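Presented below is the structure to which this report refers.
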Protein chains: 2
Amino acid sequence: MISLAEENYLKALFNLSNEIGEVNVNELSKELKIKMPTVTSMMKKLSEKKLVYYESYKPVKLTEKGKKEAGLIIRKHRLTEMFLVEKMGFGWEEVHEIAEQVEHIQSFNFFEKMDELLGFPQVDPHGSPIPDKNGKITWVEYNKLSECKTGDIVKLSAVIHTSSDFLKFLNTRELKLGLKIKIKSIESFDKSMVVSYGKRPSESLSHTVCERLLVEHV
Amino acid sequence: MISLAEENYLKALFNLSNEIGEVNVNELSKELKIKMPTVTSMMKKLSEKKLVYYESYKPVKLTEKGKKEAGLIIRKHRLTEMFLVEKMGFGWEEVHEIAEQVEHIQSFNFFEKMDELLGFPQVDPHGSPIPDKNGKITWVEYNKLSECKTGDIVKLSAVIHTSSDFLKFLNTRELKLGLKIKIKSIESFDKSMVVSYGKRPSESLSHTVCERLLVEHV
DNA sequence: TAAATTTGTTAGATTAATCTAACTTTATAG
DNA sequence: CTATAAAGTTAGATTAATCTAACAAATTTA
(Lines give C-alpha, C1' and ligand atoms only; values in the text may rest on other atoms or scores of the structure.)
Protein backbone atom coordinates (compact mmCIF):
# COMPACT_ATOMS: atom_id res chain seq x y z
CA MET A 1 0.00 0.00 0.00
CA ILE A 2 1.21 3.46 -0.92
CA SER A 3 0.38 6.23 1.54
CA LEU A 4 -0.87 9.65 0.58
CA ALA A 5 2.50 11.20 1.44
CA GLU A 6 4.32 8.58 -0.64
CA GLU A 7 2.01 9.25 -3.57
CA ASN A 8 2.96 12.92 -3.45
CA TYR A 9 6.67 12.11 -3.58
CA LEU A 10 6.15 9.76 -6.53
CA LYS A 11 4.16 12.32 -8.41
CA ALA A 12 6.71 15.06 -7.79
CA LEU A 13 9.49 12.72 -8.92
CA PHE A 14 7.59 11.86 -12.07
CA ASN A 15 6.95 15.50 -12.93
CA LEU A 16 10.48 16.67 -12.21
CA SER A 17 12.05 13.71 -14.06
CA ASN A 18 10.16 14.64 -17.18
CA GLU A 19 11.63 18.12 -17.06
CA ILE A 20 15.16 17.44 -15.97
CA GLY A 21 15.84 13.70 -16.03
CA GLU A 22 17.43 12.80 -12.73
CA VAL A 23 16.20 14.55 -9.66
CA ASN A 24 18.22 15.40 -6.60
CA VAL A 25 17.00 15.62 -3.03
CA ASN A 26 17.21 19.39 -2.98
CA GLU A 27 14.92 19.84 -5.97
CA LEU A 28 12.41 17.42 -4.60
CA SER A 29 12.54 19.24 -1.30
CA LYS A 30 11.76 22.57 -2.95
CA GLU A 31 9.02 21.14 -5.15
CA LEU A 32 7.21 19.54 -2.23
CA LYS A 33 8.07 22.26 0.29
CA ILE A 34 9.37 19.56 2.62
CA LYS A 35 12.77 19.86 4.31
CA MET A 36 15.67 17.84 2.92
CA PRO A 37 16.14 15.43 5.84
CA THR A 38 12.51 14.38 5.50
CA VAL A 39 13.00 13.80 1.80
CA THR A 40 16.13 11.74 2.44
CA SER A 41 14.35 9.46 4.84
CA MET A 42 11.38 9.10 2.51
CA MET A 43 13.75 8.15 -0.32
CA LYS A 44 15.09 5.34 1.85
CA LYS A 45 11.58 4.14 2.47
CA LEU A 46 10.57 4.31 -1.20
CA SER A 47 13.79 2.52 -2.06
CA GLU A 48 12.88 -0.34 0.30
CA LYS A 49 9.54 -0.54 -1.46
CA LYS A 50 11.35 -0.74 -4.82
CA LEU A 51 9.69 2.43 -6.05
CA VAL A 52 12.91 4.44 -6.50
CA TYR A 53 16.63 3.86 -6.98
CA TYR A 54 18.40 5.71 -4.22
CA GLU A 55 22.00 5.89 -3.06
CA SER A 56 23.46 8.44 -0.69
CA TYR A 57 24.60 11.70 -2.30
CA LYS A 58 23.28 10.65 -5.69
CA PRO A 59 20.24 11.79 -7.68
CA VAL A 60 17.05 9.76 -7.32
CA LYS A 61 15.35 7.82 -10.11
CA LEU A 62 11.98 6.12 -10.28
CA THR A 63 12.06 2.35 -10.86
CA GLU A 64 9.70 0.86 -13.45
CA LYS A 65 7.33 0.07 -10.61
CA GLY A 66 7.62 3.63 -9.34
CA LYS A 67 7.00 5.05 -12.81
CA LYS A 68 3.90 2.97 -13.16
CA GLU A 69 2.50 4.02 -9.79
CA ALA A 70 3.31 7.67 -10.43
CA GLY A 71 1.77 7.46 -13.90
CA LEU A 72 -1.42 6.06 -12.46
CA ILE A 73 -1.68 8.91 -9.96
CA ILE A 74 -1.13 11.44 -12.71
CA ARG A 75 -3.72 9.62 -14.78
CA LYS A 76 -6.22 10.13 -11.97
CA HIS A 77 -5.22 13.77 -11.63
CA ARG A 78 -5.60 14.54 -15.31
CA LEU A 79 -8.82 12.58 -15.79
CA THR A 80 -10.22 14.52 -12.85
CA GLU A 81 -9.18 17.86 -14.33
CA MET A 82 -10.80 16.92 -17.61
CA PHE A 83 -13.96 15.77 -15.87
CA LEU A 84 -14.20 18.96 -13.83
CA VAL A 85 -13.89 21.10 -16.95
CA GLU A 86 -15.90 19.04 -19.42
CA LYS A 87 -18.61 17.59 -17.22
CA MET A 88 -18.91 19.99 -14.32
CA GLY A 89 -18.29 23.34 -15.96
CA PHE A 90 -15.18 24.50 -14.11
CA GLY A 91 -12.64 26.81 -15.71
CA TRP A 92 -9.21 25.34 -16.46
CA GLU A 93 -7.66 27.65 -13.86
CA GLU A 94 -9.83 26.22 -11.07
CA VAL A 95 -9.31 22.51 -11.42
CA HIS A 96 -5.76 21.86 -10.28
CA GLU A 97 -6.39 22.29 -6.55
CA ILE A 98 -9.44 20.03 -6.56
CA ALA A 99 -7.67 17.39 -8.65
CA GLU A 100 -4.75 17.40 -6.17
CA GLN A 101 -7.18 15.95 -3.66
CA VAL A 102 -9.31 13.76 -5.91
CA GLU A 103 -6.22 12.02 -7.35
CA HIS A 104 -5.73 10.18 -4.05
CA ILE A 105 -9.11 8.51 -4.09
CA GLN A 106 -8.82 4.74 -4.15
CA SER A 107 -11.44 3.45 -6.55
CA PHE A 108 -10.70 1.93 -9.89
CA ASN A 109 -14.32 2.26 -11.00
CA PHE A 110 -14.58 5.93 -10.16
CA PHE A 111 -11.85 6.88 -12.60
CA GLU A 112 -12.90 4.30 -15.17
CA LYS A 113 -16.31 5.92 -15.22
CA MET A 114 -14.81 9.36 -15.68
CA ASP A 115 -12.67 8.07 -18.53
CA GLU A 116 -15.71 6.49 -20.18
CA LEU A 117 -17.97 9.53 -19.73
CA LEU A 118 -15.25 11.72 -21.22
CA GLY A 119 -14.82 9.41 -24.21
CA PHE A 120 -11.30 8.26 -23.29
CA PRO A 121 -9.52 11.60 -23.74
CA GLN A 122 -5.81 11.69 -24.62
CA VAL A 123 -4.99 15.02 -22.97
CA ASP A 124 -6.17 17.08 -20.01
CA PRO A 125 -7.52 20.65 -20.17
CA HIS A 126 -3.96 22.02 -20.26
CA GLY A 127 -2.95 19.79 -23.15
CA SER A 128 -0.91 17.41 -20.97
CA PRO A 129 -1.15 13.75 -21.99
CA ILE A 130 -3.21 11.41 -19.81
CA PRO A 131 -1.28 8.21 -18.94
CA ASP A 132 -2.97 4.94 -19.91
CA LYS A 133 -4.22 2.25 -17.49
CA ASN A 134 -0.67 0.98 -17.07
CA GLY A 135 0.58 4.43 -16.15
CA LYS A 136 2.34 4.74 -19.52
CA ILE A 137 2.43 8.15 -21.08
CA THR A 138 2.62 8.90 -24.79
CA TRP A 139 4.81 11.94 -25.31
CA VAL A 140 3.94 14.21 -28.13
CA GLU A 141 6.76 16.52 -29.15
CA TYR A 142 5.60 20.08 -29.02
CA ASN A 143 7.68 23.21 -29.57
CA LYS A 144 7.79 26.20 -27.35
CA LEU A 145 6.22 29.24 -28.98
CA SER A 146 9.35 31.11 -27.90
CA GLU A 147 11.42 28.94 -30.25
CA CYS A 148 9.35 29.70 -33.34
CA LYS A 149 10.25 32.38 -35.88
CA THR A 150 8.54 35.32 -37.51
CA GLY A 151 5.93 34.27 -40.04
CA ASP A 152 5.27 30.87 -38.46
CA ILE A 153 1.66 29.83 -38.10
CA VAL A 154 1.16 27.42 -35.22
CA LYS A 155 -1.56 25.74 -33.20
CA LEU A 156 -1.58 26.20 -29.41
CA SER A 157 -1.55 22.62 -28.10
CA ALA A 158 -0.56 22.73 -24.43
CA VAL A 159 0.57 25.02 -21.64
CA ILE A 160 3.33 24.44 -19.08
CA HIS A 161 3.19 25.30 -15.38
CA THR A 162 -0.46 25.46 -14.77
CA SER A 163 -0.55 28.07 -12.04
CA SER A 164 -3.97 29.54 -11.63
CA ASP A 165 -2.64 33.08 -12.22
CA PHE A 166 -1.02 32.15 -15.53
CA LEU A 167 -4.20 30.45 -16.72
CA LYS A 168 -6.29 33.46 -15.73
CA PHE A 169 -3.91 35.62 -17.75
CA LEU A 170 -4.46 33.38 -20.77
CA ASN A 171 -8.21 33.69 -20.25
CA THR A 172 -8.02 37.49 -20.36
CA ARG A 173 -6.22 37.25 -23.71
CA GLU A 174 -8.66 34.63 -25.00
CA LEU A 175 -5.79 32.19 -25.49
CA LYS A 176 -7.30 28.70 -25.69
CA LEU A 177 -5.98 25.31 -26.75
CA GLY A 178 -6.47 24.62 -30.45
CA LEU A 179 -6.14 28.27 -31.37
CA LYS A 180 -4.18 29.20 -34.52
CA ILE A 181 -1.51 31.79 -33.84
CA LYS A 182 0.55 33.76 -36.37
CA ILE A 183 3.87 35.25 -35.36
CA LYS A 184 4.05 38.79 -36.72
CA SER A 185 7.34 39.90 -35.22
CA ILE A 186 9.85 39.24 -32.47
CA GLU A 187 11.47 42.03 -30.42
CA SER A 188 15.17 41.30 -30.29
CA PHE A 189 15.85 43.16 -27.02
CA ASP A 190 13.42 41.19 -24.79
CA LYS A 191 12.38 38.32 -27.11
CA SER A 192 8.71 39.28 -26.72
CA MET A 193 6.48 38.35 -29.64
CA VAL A 194 3.77 40.21 -31.47
CA VAL A 195 1.19 37.69 -32.65
CA SER A 196 -2.28 37.59 -34.14
CA TYR A 197 -5.02 35.05 -33.47
CA GLY A 198 -8.80 34.77 -33.41
CA LYS A 199 -10.27 38.25 -33.39
CA ARG A 200 -7.09 39.81 -32.07
CA PRO A 201 -4.96 41.25 -34.87
CA SER A 202 -2.05 42.28 -32.65
CA GLU A 203 -1.11 41.03 -29.20
CA SER A 204 2.25 41.26 -27.51
CA LEU A 205 3.38 38.24 -25.45
CA SER A 206 6.42 38.32 -23.18
CA HIS A 207 9.20 35.77 -23.57
CA THR A 208 8.22 34.22 -20.23
CA VAL A 209 4.73 33.62 -21.57
CA CYS A 210 5.98 32.32 -24.92
CA GLU A 211 8.18 29.78 -23.15
CA ARG A 212 5.13 28.32 -21.48
CA LEU A 213 3.03 27.97 -24.60
CA LEU A 214 3.54 24.71 -26.49
CA VAL A 215 2.62 24.66 -30.14
CA GLU A 216 2.52 22.49 -33.26
CA HIS A 217 3.46 23.80 -36.67
CA VAL A 218 0.58 23.73 -39.12
CA MET B 1 -8.88 23.14 10.91
CA ILE B 2 -10.52 19.76 11.31
CA SER B 3 -8.39 16.74 10.42
CA LEU B 4 -9.58 13.76 8.45
CA ALA B 5 -9.64 11.62 11.58
CA GLU B 6 -11.61 14.26 13.45
CA GLU B 7 -14.11 14.47 10.62
CA ASN B 8 -14.74 10.76 10.90
CA TYR B 9 -15.46 11.02 14.61
CA LEU B 10 -17.87 13.91 14.05
CA LYS B 11 -19.70 12.05 11.35
CA ALA B 12 -20.01 8.90 13.44
CA LEU B 13 -21.29 10.97 16.36
CA PHE B 14 -23.84 12.65 14.14
CA ASN B 15 -25.10 9.38 12.73
CA LEU B 16 -25.26 7.59 16.06
CA SER B 17 -26.91 10.55 17.80
CA ASN B 18 -29.74 10.50 15.30
CA GLU B 19 -30.42 6.87 16.09
CA ILE B 20 -29.93 6.82 19.83
CA GLY B 21 -29.58 10.37 21.12
CA GLU B 22 -26.56 10.43 23.40
CA VAL B 23 -23.59 8.34 22.42
CA ASN B 24 -21.12 6.66 24.72
CA VAL B 25 -17.47 5.99 24.08
CA ASN B 26 -18.02 2.29 23.62
CA GLU B 27 -20.57 2.75 20.84
CA LEU B 28 -18.36 5.22 19.06
CA SER B 29 -15.47 2.82 19.43
CA LYS B 30 -17.43 0.00 17.79
CA GLU B 31 -18.82 2.20 15.01
CA LEU B 32 -15.39 3.50 14.04
CA LYS B 33 -13.53 0.27 14.80
CA ILE B 34 -11.09 2.26 16.92
CA LYS B 35 -10.16 1.17 20.45
CA MET B 36 -11.77 2.94 23.41
CA PRO B 37 -8.67 4.68 24.78
CA THR B 38 -8.13 6.31 21.41
CA VAL B 39 -11.73 7.47 21.35
CA THR B 40 -11.42 8.89 24.87
CA SER B 41 -8.40 10.93 23.94
CA MET B 42 -10.01 12.16 20.75
CA MET B 43 -13.08 13.24 22.74
CA LYS B 44 -10.83 15.38 24.90
CA LYS B 45 -9.35 16.96 21.82
CA LEU B 46 -12.73 17.61 20.19
CA SER B 47 -13.94 19.01 23.48
CA GLU B 48 -11.06 21.51 23.52
CA LYS B 49 -12.07 22.51 20.02
CA LYS B 50 -15.65 23.06 21.25
CA LEU B 51 -16.98 20.45 18.87
CA VAL B 52 -18.36 18.09 21.55
CA TYR B 53 -19.46 18.18 25.17
CA TYR B 54 -17.41 15.62 27.03
CA GLU B 55 -17.02 14.70 30.69
CA SER B 56 -15.38 11.55 32.03
CA TYR B 57 -17.65 8.54 32.25
CA LYS B 58 -20.55 10.38 30.62
CA PRO B 59 -22.04 10.08 27.15
CA VAL B 60 -20.77 12.45 24.48
CA LYS B 61 -22.85 15.09 22.71
CA LEU B 62 -22.10 17.29 19.72
CA THR B 63 -22.10 21.04 20.36
CA GLU B 64 -23.96 23.30 17.91
CA LYS B 65 -20.62 23.91 16.21
CA GLY B 66 -19.98 20.16 16.09
CA LYS B 67 -23.43 19.49 14.66
CA LYS B 68 -22.86 22.03 11.95
CA GLU B 69 -19.47 20.60 10.97
CA ALA B 70 -20.80 17.06 11.01
CA GLY B 71 -23.84 18.11 8.99
CA LEU B 72 -21.60 19.67 6.36
CA ILE B 73 -19.55 16.49 6.04
CA ILE B 74 -22.71 14.43 5.67
CA ARG B 75 -23.94 16.95 3.12
CA LYS B 76 -20.80 16.33 1.08
CA HIS B 77 -21.21 12.57 1.46
CA ARG B 78 -24.81 12.54 0.33
CA LEU B 79 -24.36 15.00 -2.51
CA THR B 80 -21.53 12.81 -3.72
CA GLU B 81 -23.66 9.66 -3.57
CA MET B 82 -26.39 11.40 -5.53
CA PHE B 83 -23.91 12.68 -8.08
CA LEU B 84 -22.37 9.25 -8.54
CA VAL B 85 -25.77 7.68 -9.16
CA GLU B 86 -27.46 10.43 -11.16
CA LYS B 87 -24.57 11.85 -13.17
CA MET B 88 -22.07 9.04 -13.39
CA GLY B 89 -24.29 5.98 -13.66
CA PHE B 90 -23.25 4.07 -10.53
CA GLY B 91 -25.66 1.73 -8.76
CA TRP B 92 -26.84 2.78 -5.28
CA GLU B 93 -24.97 -0.14 -3.78
CA GLU B 94 -21.61 1.05 -5.15
CA VAL B 95 -21.50 4.65 -4.04
CA HIS B 96 -20.98 4.55 -0.28
CA GLU B 97 -17.32 3.56 -0.35
CA ILE B 98 -16.40 6.21 -2.90
CA ALA B 99 -18.38 8.89 -1.06
CA GLU B 100 -16.54 8.01 2.17
CA GLN B 101 -13.43 9.32 0.50
CA VAL B 102 -14.86 12.18 -1.54
CA GLU B 103 -16.61 13.66 1.51
CA HIS B 104 -13.22 14.79 2.88
CA ILE B 105 -12.35 16.92 -0.11
CA GLN B 106 -11.89 20.56 0.83
CA SER B 107 -13.52 22.63 -1.89
CA PHE B 108 -16.69 24.60 -1.46
CA ASN B 109 -17.12 25.01 -5.21
CA PHE B 110 -16.80 21.33 -5.97
CA PHE B 111 -19.83 20.41 -3.89
CA GLU B 112 -21.75 23.56 -4.90
CA LYS B 113 -21.36 22.49 -8.48
CA MET B 114 -22.61 18.99 -7.74
CA ASP B 115 -25.61 20.45 -5.91
CA GLU B 116 -26.37 22.72 -8.84
CA LEU B 117 -25.95 20.04 -11.51
CA LEU B 118 -28.24 17.77 -9.51
CA GLY B 119 -30.91 20.48 -9.20
CA PHE B 120 -30.52 20.90 -5.42
CA PRO B 121 -31.80 17.48 -4.37
CA GLN B 122 -33.38 17.00 -0.94
CA VAL B 123 -32.44 13.36 -0.47
CA ASP B 124 -29.64 11.00 -1.46
CA PRO B 125 -30.06 7.75 -3.44
CA HIS B 126 -31.06 5.91 -0.26
CA GLY B 127 -33.73 8.46 0.65
CA SER B 128 -31.65 10.06 3.41
CA PRO B 129 -32.06 13.83 3.67
CA ILE B 130 -29.19 16.04 2.46
CA PRO B 131 -28.24 18.71 5.05
CA ASP B 132 -28.38 22.33 3.81
CA LYS B 133 -25.39 24.67 3.49
CA ASN B 134 -25.47 25.32 7.22
CA GLY B 135 -25.34 21.62 7.97
CA LYS B 136 -28.99 21.64 9.08
CA ILE B 137 -31.04 18.59 8.30
CA THR B 138 -34.79 18.50 7.72
CA TRP B 139 -36.17 15.33 9.18
CA VAL B 140 -39.10 13.72 7.46
CA GLU B 141 -40.94 11.24 9.60
CA TYR B 142 -41.12 7.92 7.85
CA ASN B 143 -42.54 4.67 9.21
CA LYS B 144 -40.83 1.34 9.15
CA LEU B 145 -42.54 -1.09 6.81
CA SER B 146 -42.40 -3.57 9.69
CA GLU B 147 -44.77 -1.37 11.69
CA CYS B 148 -47.46 -1.25 9.02
CA LYS B 149 -50.50 -3.55 8.97
CA THR B 150 -52.18 -5.87 6.51
CA GLY B 151 -53.95 -3.99 3.75
CA ASP B 152 -51.81 -0.86 3.99
CA ILE B 153 -50.59 0.63 0.74
CA VAL B 154 -47.35 2.53 1.18
CA LYS B 155 -44.61 4.23 -0.80
CA LEU B 156 -41.01 3.13 -0.26
CA SER B 157 -39.20 6.37 0.63
CA ALA B 158 -35.88 5.46 2.19
CA VAL B 159 -33.71 2.57 3.35
CA ILE B 160 -31.70 2.25 6.56
CA HIS B 161 -28.19 0.78 6.89
CA THR B 162 -26.93 1.06 3.43
CA SER B 163 -24.64 -1.94 3.35
CA SER B 164 -23.79 -2.94 -0.15
CA ASP B 165 -25.15 -6.47 0.40
CA PHE B 166 -28.51 -5.23 1.58
CA LEU B 167 -28.82 -2.89 -1.40
CA LYS B 168 -27.88 -5.67 -3.80
CA PHE B 169 -30.60 -7.79 -2.25
CA LEU B 170 -33.11 -4.98 -2.87
CA ASN B 171 -31.92 -4.82 -6.48
CA THR B 172 -32.63 -8.53 -7.00
CA ARG B 173 -36.18 -7.97 -5.77
CA GLU B 174 -36.57 -4.82 -7.89
CA LEU B 175 -37.25 -2.79 -4.75
CA LYS B 176 -36.64 0.87 -5.62
CA LEU B 177 -37.42 4.17 -3.91
CA GLY B 178 -40.82 5.57 -4.89
CA LEU B 179 -42.32 2.12 -5.39
CA LYS B 180 -45.87 1.48 -4.19
CA ILE B 181 -46.12 -1.57 -1.95
CA LYS B 182 -49.26 -3.34 -0.74
CA ILE B 183 -49.16 -5.49 2.38
CA LYS B 184 -51.05 -8.68 1.68
CA SER B 185 -50.40 -10.52 4.92
CA ILE B 186 -48.13 -10.77 7.94
CA GLU B 187 -46.87 -14.07 9.34
CA SER B 188 -47.38 -13.96 13.08
CA PHE B 189 -44.58 -16.43 13.95
CA ASP B 190 -41.69 -14.56 12.33
CA LYS B 191 -43.30 -11.21 11.45
CA SER B 192 -42.35 -11.66 7.81
CA MET B 193 -44.60 -9.90 5.32
CA VAL B 194 -46.09 -10.97 2.04
CA VAL B 195 -46.37 -7.93 -0.20
CA SER B 196 -47.12 -7.02 -3.79
CA TYR B 197 -45.56 -4.27 -5.89
CA GLY B 198 -44.72 -3.44 -9.49
CA LYS B 199 -44.91 -6.61 -11.54
CA ARG B 200 -44.48 -8.84 -8.51
CA PRO B 201 -47.84 -10.04 -7.16
CA SER B 202 -46.41 -11.89 -4.18
CA GLU B 203 -43.06 -11.45 -2.46
CA SER B 204 -42.10 -12.46 1.05
CA LEU B 205 -39.90 -10.06 3.04
CA SER B 206 -38.31 -11.01 6.35
CA HIS B 207 -38.87 -8.88 9.45
CA THR B 208 -35.21 -7.81 9.33
CA VAL B 209 -35.72 -6.47 5.83
CA CYS B 210 -39.03 -4.78 6.71
CA GLU B 211 -37.39 -2.96 9.60
CA ARG B 212 -34.94 -1.36 7.20
CA LEU B 213 -37.50 -0.15 4.70
CA LEU B 214 -38.95 3.28 5.47
CA VAL B 215 -42.31 4.11 3.95
CA GLU B 216 -44.99 6.78 3.72
CA HIS B 217 -48.68 5.96 3.79
CA VAL B 218 -50.49 6.91 0.61
C1' DT C 1 -25.95 -5.21 48.42
C1' DA C 2 -21.95 -7.62 47.03
C1' DA C 3 -19.92 -9.80 43.01
C1' DA C 4 -19.36 -9.91 38.31
C1' DT C 5 -19.51 -7.65 34.00
C1' DT C 6 -19.24 -3.83 31.16
C1' DT C 7 -17.60 0.58 30.23
C1' DG C 8 -14.18 4.07 30.59
C1' DT C 9 -9.60 6.09 31.77
C1' DT C 10 -4.52 6.43 32.44
C1' DA C 11 0.00 5.42 31.30
C1' DG C 12 3.10 4.34 28.16
C1' DA C 13 4.58 2.40 23.49
C1' DT C 14 4.38 2.66 18.39
C1' DT C 15 4.22 4.42 13.63
C1' DA C 16 4.28 7.81 9.97
C1' DA C 17 5.59 12.09 8.66
C1' DT C 18 7.42 15.98 9.78
C1' DC C 19 11.00 19.30 11.91
C1' DT C 20 15.79 21.55 13.68
C1' DA C 21 20.65 21.34 14.70
C1' DA C 22 24.89 19.56 13.76
C1' DC C 23 27.86 17.29 10.83
C1' DT C 24 29.65 15.38 6.13
C1' DT C 25 30.21 15.14 1.30
C1' DT C 26 30.30 17.16 -3.16
C1' DA C 27 30.62 21.06 -6.15
C1' DT C 28 32.29 25.75 -7.21
C1' DA C 29 35.11 29.71 -7.36
C1' DG C 30 39.07 32.12 -6.57
C1' DC D 1 44.16 23.22 -5.26
C1' DT D 2 42.41 24.89 -1.36
C1' DA D 3 38.44 27.34 0.71
C1' DT D 4 33.86 28.33 0.63
C1' DA D 5 29.26 27.28 -0.62
C1' DA D 6 25.72 24.09 -1.67
C1' DA D 7 23.70 19.76 -1.12
C1' DG D 8 22.95 15.77 1.61
C1' DT D 9 22.89 12.96 5.88
C1' DT D 10 22.45 11.69 10.82
C1' DA D 11 20.61 12.19 15.21
C1' DG D 12 17.15 13.34 17.92
C1' DA D 13 12.63 15.89 18.90
C1' DT D 14 7.69 16.61 17.78
C1' DT D 15 2.85 15.77 16.52
C1' DA D 16 -1.21 13.11 15.33
C1' DA D 17 -3.37 8.99 15.60
C1' DT D 18 -3.25 4.75 16.89
C1' DC D 19 -2.39 0.60 20.10
C1' DT D 20 -1.95 -2.63 24.63
C1' DA D 21 -1.92 -3.36 29.55
C1' DA D 22 -3.45 -2.14 33.79
C1' DC D 23 -6.51 0.07 36.63
C1' DA D 24 -11.09 2.52 37.97
C1' DA D 25 -15.95 3.55 37.73
C1' DA D 26 -20.54 2.35 36.65
C1' DT D 27 -23.96 -0.93 35.79
C1' DT D 28 -26.10 -5.35 35.99
C1' DT D 29 -27.16 -9.55 38.15
C1' DA D 30 -27.64 -12.93 41.43
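The chains referred to below are lettered A, B, ... by the order of the sequence lines, with proteins before strands, and numbering in each begins at 1. Computed from a predicted model, the values in this text were never measured in an experiment.
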- Please determine which of A:Glu100, A:His126, A:Met88 meets the side-chain contact (heavy atoms from CB on, under 4.5 Å) test together with A:Val95. A:His126

- Whichever of B:Asn24 and A:Ser41 has the more 5' nearest nucleotide on DNA chain C, that residue is B:Asn24

- Do the charged groups of A:Glu69 and A:Lys76 touch, with an N to O distance under 4.0 Å? no

- Query: What nucleotide among D:dT9, C:dT18, C:dG8 has an atom nearest to a side-chain atom of A:Met42?
  - Reply: C:dT18

- Does a side-chain N or O from A:Thr40 land closer than 4.0 Å to OP1 or OP2 of D:dT9, or not? yes

- Query: Toward the 5' end of DNA chain C, which comes first, A:Leu4 or B:Glu27, by nearest nucleotide?
  - Reply: B:Glu27

- Message: Rounded to whole Å, how long is the line connecting atom CG of A:Asn26 with atom C1' of D:dA7?
- Response: 6 Å

- Select base, sugar-phosphate, or nothing to describe what B:Lys44 touches, counting heavy atoms under 4.0 Å on all strands. sugar-phosphate

- Query: So B:Phe90 and A:Phe110, would you call those rings parallel, tilted or perpendicular, with 30° and 60° as cut-offs?
  - Reply: tilted

- May I have the distance from A:Ile2 (atom CD1) to C:dA16 (atom P), rounded to whole angstrom? 15 Å

- Let me know the distance between OH of B:Tyr57 and C1' of D:dA25, rounded to the nearest Å. 5 Å

- Task: Run the salt-bridge test on B:Lys67 and B:Glu64 with the 4.0 Å N-O cut-off and return the result as yes or no.
- Result: yes

- Task: Sort out for me which residue in A:Lys133, A:Arg75, A:Lys87 forms a salt bridge (Lys or Arg N to Asp or Glu O under 4.0 Å) with A:Asp115.
- Result: A:Arg75

- Query: If you look at every strand shown and take non-hydrogen atoms under 4.0 Å, does A:Ser3 touch a base, only sugar-phosphate, or nothing?
  - Reply: sugar-phosphate

- Task: Check every strand shown and say whether A:Ser56 touches a base, only sugar-phosphate, or nothing at a heavy-atom separation below 4.0 Å.
- Result: sugar-phosphate

- Atom NZ of A:Lys58 and atom P of D:dG8: how far apart are they, to the nearest Å? 13 Å

- Taken to the nearest whole Å, CD/A:Glu7 to P/C:dA16 is 16 Å

- Query: What is the nucleic acid contact for A:Lys30, judged by heavy atoms within less than 4.0 Å: base, sugar-phosphate only, or nothing?
  - Reply: nothing

- Message: Does D:dG8 have its OP1 or OP2 closer than 4.0 Å to a side-chain nitrogen or oxygen of A:Tyr54?
- Response: no

- Nucleotide nearest A:Ile34 (side chain, heavy atoms from C-beta), chosen from D:dC19, C:dT18, C:dT20: C:dT18

- From CE of B:Met36 across to P of C:dG12 the rounded distance in Å is 20 Å

- Item | Length of the line joining A:Met43:CE and C:dT18:P, which is rounded to integer Å | 10 Å

- In whole angstrom, give the distance that lies between atom NZ of B:Lys35 and atom P of C:dT7. 15 Å

